[in-house]
Amino acid sequence: MKRLNWNSLNRSDFPEKTCITIGVFDGIHIGHKKLFEKVLSESRKQKMSPGLVTFSDSIFEMFKSTEKPLQSLEERLAAAEKMGFEFCILIDFTREIAATDGIEFLNVLKETCNLSFLVEGEDFRLGDGGKTGKTEIENFCAGNGIGVSFIPPVIFEGQRVSSTLIRKLIKNGDVKTAEYLLS
């Protein structure tokens, strides 16, 4: 899998069409896998190169979070590569990135990475303060000829699968269920 840095993206690094998902993906759980499966199936169906945009662990440092990633960056990228992703764009999370407008961010992906299809979870938000949500993303994609798909949340035992849920399970000593969700 080709690894690219956000700060040095070059249009020549990308094929004519890409299908991308964006997220922290700090532990590849069964919810992420559904999202990844959609990226990969759309890529095959529409002959696009599948990729993901994610953050280095600097996102945890930036917010001085006591939380740590559920899996190392190398583990996460290896899992994505094994599933069939062709490229990953890594972002070092900085104040400048945090302040980027969501539409501006998507426009960089369109112009530089040949974004042709975007796949996200229904509750996905991006950009400064998370101001860019599903409606704004759909409008951007429709106005730019980009396909878009939003995946409903994956529910396990009545709860939305998330890294927060997995951390809660681990904290409560239910490592077996946490491992299952991360499998």
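We use all heavy atoms of the structure for the numbers below, so side chains are in, but hydrogens, waters and symmetry mates are not. Residue indices begin at 1 and follow the sequence shown.
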Quick one: list whatever passes side chain to side chain donor-acceptor pair (under 3.5 Å) with [X], sequence neighbours left out.
| X | answer |
| --- | --- |
| Lys82 | none |
| Asn10 | Ser12 |
| Ser49 | Glu86 |

Any side-chain heavy atom of [X] sitting closer than 4.5 Å to one from [Y]?
| X | Y | result |
| --- | --- | --- |
| Thr21 | Phe36 | yes |
| Phe55 | Asp26 | no |
| Ile166 | Leu182 | yes |

Quick note, salt bridge (charged side-chain N to carboxylate O under 4.0 Å, His left out) partners involving residues 106-119, not counting sequence neighbours, are none

Salt bridge (charged side-chain N to carboxylate O under 4.0 Å, His left out) pairs, two or more places apart, involving residues 114-129: Asp123-Arg160, Asp128-Lys131

Would you indicate whether Lys17, at its atom NZ, is surrounded by more than 12 heavy atoms from other residues, nucleotides or ligands within a distance under 6.0 Å? no

Exam field: side chain Thr54 to backbone Leu90, donor-acceptor pair closer than 3.5 Å: no

Restricting to non-hydrogen atoms, name the atom on [X] and the atom on [Y] that form the minimum distance, rounded to 0.1 Å.
| X | Y | result |
| --- | --- | --- |
| Ser72 | Glu75 | N-OE1, 2.7 Å |
| Cys19 | Val119 | SG-CG2, 4.1 Å |
| Gly27 | Arg76 | N-CD, 3.8 Å |

Under 3.5 Å donor-acceptor pairs involving side-chain atoms of residues 99-109, not counting sequence neighbours:
from	atom 1	to	atom 2	distance (Å)
Thr100	OG1	Glu96	O	3.0
Thr100	OG1	Ile97	O	3.2
Asp101	OD2	Ile103	N	3.0
Asp101	OD2	Glu104	N	3.1

Excluding sequence neighbours, so at least two apart, what forms side-chain contact (heavy atoms from CB on, under 4.5 Å) with [X]?
| X | answer |
| --- | --- |
| Val154 | Ile30, Lys34, Val161 |
| Gln159 | Leu165, Lys168 |
| Lys47 | none |
| Ala79 | Ile28 |

Going from [atom1] on [X] to [atom2] on [Y], what distance comes out if it is rounded to the nearest 0.5 angstrom?
| X | Y | atom1 | atom2 | result |
| --- | --- | --- | --- | --- |
| Ile89 | Leu52 | CD1 | CG | 8.5 Å |
| Leu4 | Phe14 | CG | CZ | 4.5 Å |
| Glu179 | His29 | CD | NE2 | 15.5 Å |
| Leu73 | Phe25 | CG | CZ | 12.5 Å |
| Phe117 | Ser43 | CZ | OG | 9.0 Å |
| Trp6 | Phe93 | CH2 | CZ | 12.0 Å |

Evaluation steps, side-chain contact (heavy atoms from CB on, under 4.5 Å), between Thr177 and Phe156: CA-CA 10 Å; Thr177 302; Phe156 178 79; 3.5 Å; yes

Identify whether the distance between the nearest side-chain nitrogen and carboxylate oxygen of Lys38 and Glu42 falls below 4.0 Å. yes

Sorted by chain and number, sequence neighbours left out, salt bridge (Lys or Arg N to Asp or Glu O under 4.0 Å) with Arg3 holds for Glu74

Identify every side-chain donor-acceptor pair in residues 137-153 under 3.5 Å, counting partners at least two apart or on other chains, and give the distances.
from	atom 1	to	atom 2	distance (Å)
Asn139	ND2	Thr135	O	3.3
Asn144	ND2	Phe140	O	2.7

Does a donor on one side chain sit under 3.5 Å from an acceptor on the other, for Asn114 and Thr18? no

So Phe87 and Ile20, side-chain contact (heavy atoms from CB on, under 4.5 Å) or not? Walk me through it. CA-CA 9 Å; Phe87 68 90; Ile20 292 174; 3.9 Å; yes

